[in-house]
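Let me begin by presenting the structure, written as structure tokens, before commenting on it.
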Amino acid sequence: MVTRPAWRSLLRGGRAVAWVTLVAVAWSAVHVGLFRGELINAGGWALVGQFFAAALRPELSPAFLRLTLESTLITFAYAISGLALSLGIGSLGGLLSSQVWWIARGWKGRALFRSPWLIARGALAVPRAVHEAIWGLFLVRILGLDPLVAILALGIPFGAITAKVFSEIIDEMPRDALAALLNSGATPAQAMLYGVLPRALPNLLAYAFYRLECAIRSATVLGVIGAGGLGYQILLSLQSLRYAEMWTLMAALLVLSGLTDWLSARIRRALGAPARLEVDMAADCATAAAARARATPASRALLALLAVAALLVPLSVGYIRPDFGKLFAPRTGMLLADLFDQMMPPDLSPAVVGTLLGLSAQTLAMSVVAIAVAGAFGLGLAYVAARPARRTRGAWLVYSLARFVLLCCRAIPAPVWALLILFVIFPGPLPGALAIAVHNLGVLGRLIAEAVENADAQPSHALKSAGAPPAQAFLYGLLPITLPQALAYIFYRWEIAMRETVIVGFVGAGGLGRLLTEQLSSFDYAGVLATLIALFVLTVIVDGLSTLARRAFR
């Protein structure tokens, strides 16, 4: 019997994590003001009614449709250009920050902890902790309003995130072929090239396509800080209460995200790596993924992929026309040095540190509430958003509806959700937490639904064949297999939710993000650096706790 040991293993590994999580959620709920006296702004319901009524009459004039098309192309071009840069950084950084690479070069045992592996990991932690919107604001200060800002603001933090995941994928691969090649006299580079990378390639490409979906969402967020594209137009329409225009722009965003989602899934399936992201895979799962990839004739899909990428990157860069000369202009160096002078030393006076500690606790509480809400609702929606085994009309209707809800949640950026929620909830950390929750619900629901679709169906089928009702087959056949991966996704997204607290702070939703907005507006760069240090420390703490929690469920 497979199911009972699976449940026991899951409960044994996660019991302590579950108790700590419950206490953290209760503390966070109180800290974000969930139980305070007055939460709802009754006067805002009229605006909510006007917003949804406008969905029936979106702006469809030729001039506005032309503007929508141009904004969509700009957002897509930002995403492709930024992703290309991030994959370059991620490939090199992922190799240098993987343990396997340094083991192949002879660093073993205690020597590994003194190796450049730790230096590479540490160097990638800083750009990863700073949200792309913050990078965008700094780069605008140095480079001005140029498309180059969007490319760098996406490419630098995405490159660091990609490097971390690439290194984890490489480290999870079986090492038998690597050892055999090294023992037969191959160089470390040859052993990696022929013994590890071919096995890891399908999962690396699958993750790269997942990052494309993330890049489109982040390119939209960059629009909110003035970089242009769909995000910029949505913010303008929302601030001027032109809801009909906003629905047209959001429809374009949904189409762009939906098409990317569909195309990404098709190519990943052809490559033999149908999951977007497999966090903390056990060794046997990694072996199975590698075997699945070897069994799939992926060469044709890979060639098609490379051809499309080779065409899209120069077309995107040519469309937005970034001024690469600014990178090497003397004025850029002067502005960078001036900014550095204004930031150093960081303002760590007792009053500022006290403020940072209070807002750090508030920011942490926002991230916990956000991921708890997103995880609970994402789990609920994911199992009905997975492709149904029985293809009845009712099952397909529920499946399609759940997929559409998840698409809407994740396609619309968190700052836009925050502005909508602020219609009916008074400003503070709670609307920010809810906005991040809605956005992450869409991402989590899709990831977990994919894990359900790729799960081994044999235990569930065996239970049904033995006469078990559908509820028991789900409870003992499907849930124990998929729940560990679902919980790993939830804790993985907690790290992302922590970073997103900054961008909802830009629209007045509380936490360190709101303080950062005030400091940037008043050119208090010493204070900005102190706030970024606080954000970095929080991100490292959340990263560590998330990793420990995910390992408890392996």
Side-chain angles (χ1 to χ4, degrees), residues 1-22 25 265 269 274-289 291-292 371-406 409 440-493 549-554:
M1 191 72 179
V2 177
T3 53
R4 184 163 298 181
W7 268 119
R8 283 179 180 168
S9 173
L10 180 61
L11 290 174
R12 188 170 53 247
R15 191 173 295 153
V17 176
W19 279 112
V20 173
T21 303
L22 283 175
V25 170
R269 224 169 264 128
R276 282 171 170 75
L277 175 66
E278 296 191 67
V279 291
D280 285 319
M281 289 187 301
D284 55 340
C285 295
T287 306
R292 193 172 60 223
I371 207 60
V373 174
F377 285 93
L379 266 175
L381 270 175
Y383 286 97
V384 293
R387 194 177 296 107
R390 295 179 60 192
R391 301 192 174 188
T392 62
R393 186 176 298 176
W396 273 99
L397 181 63
V398 172
Y399 159 77
S400 304
L401 185 61
R403 282 290 175 105
F404 182 70
V405 170
L406 293 176
C409 289
N440 279 279
L441 186 161
V443 180
L444 273 173
R446 186 68 184 89
L447 287 172
I448 299 171
E450 205 166 60
V452 174
E453 290 172 355
N454 297 329
D456 183 4
Q458 289 184 11
S460 182
H461 288 163
L463 287 166
K464 286 179 183 173
S465 301
Q472 284 187 359
F474 169 76
L475 191 60
Y476 294 101
L478 184 62
L479 194 59
I481 296 174
T482 54
L483 195 55
Q485 186 65 49
L487 294 173
Y489 281 142
I490 291 171
F491 281 104
Y492 168 75
R493 287 301 300 185
R550 294 203 305 267
R551 286 179 181 168
F553 293 112
R554 292 184 65 172

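Residue numbers start at 1 and run along the sequence shown. Reckoned from all heavy atoms, side chains included, excluding hydrogens, waters and symmetry mates.
- Here the CG-CG distance, from Leu401 to Leu397, works out to 6.5 Å after rounding to the nearest 0.5 Å.
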Worksheet item: Going through the checks in order, is the side chain to side chain contact (heavy atoms under 4.5 Å, CB included) test met by Leu479 and Phe474?
Response: CA-CA 6 Å; Leu479 194 59; Phe474 169 76; 4.0 Å; yes

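- Contact annotation: the side chain of Arg493 approaches that of Ile371 to within less than 4.5 Å [non-hydrogen atoms, C-beta and beyond].
- With rounding to the nearest 0.5 angstrom, the OH atom of Tyr489 is 5.5 Å from the CG atom of Leu447.
- The two residues Ala382 and Gly445 make their nearest non-hydrogen contact at CB-O, 3.5 Å.
- For the pair Ile490 and Gly375, the tightest heavy-atom approach, listed with the atom from each and the gap, is CD1-CA, 3.8 Å.
- Counting only heavy atoms from C-beta outward, the side chains of Val452 and Tyr383 approach each other to under 4.5 Å.
- Side-chain contact between Ile448 and Leu379: present, with at least one pair of heavy atoms (C-beta onward) separated by less than 4.5 Å.
- When all heavy atoms are compared, the tightest approach of Leu406 to Arg446 is CD1-N, 3.9 Å.
- The two residues Gly378 and Leu441 come nearest to each other via the heavy atoms N-CG, 4.1 Å.
- Considering all non-hydrogen atoms of both residues, Thr482 and Ala451 come closest at CG2-O, 4.1 Å.
- Using a cut-off of 4.0 Å between Lys/Arg side-chain N and Asp/Glu carboxylate O, Glu450 and Arg403 are scored as not salt-bridged.
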Practice prompt. Verify side chain to side chain contact (heavy atoms under 4.5 Å, CB included) between Tyr492 and Leu487, making sure each step is shown before the conclusion.
Written response: CA-CA 8 Å; Tyr492 168 75; Leu487 294 173; over 6 Å; no

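- When every heavy atom of Glu453 is checked against every heavy atom of Tyr399, the shortest pair comes out as OE2-CE1, 4.4 Å.
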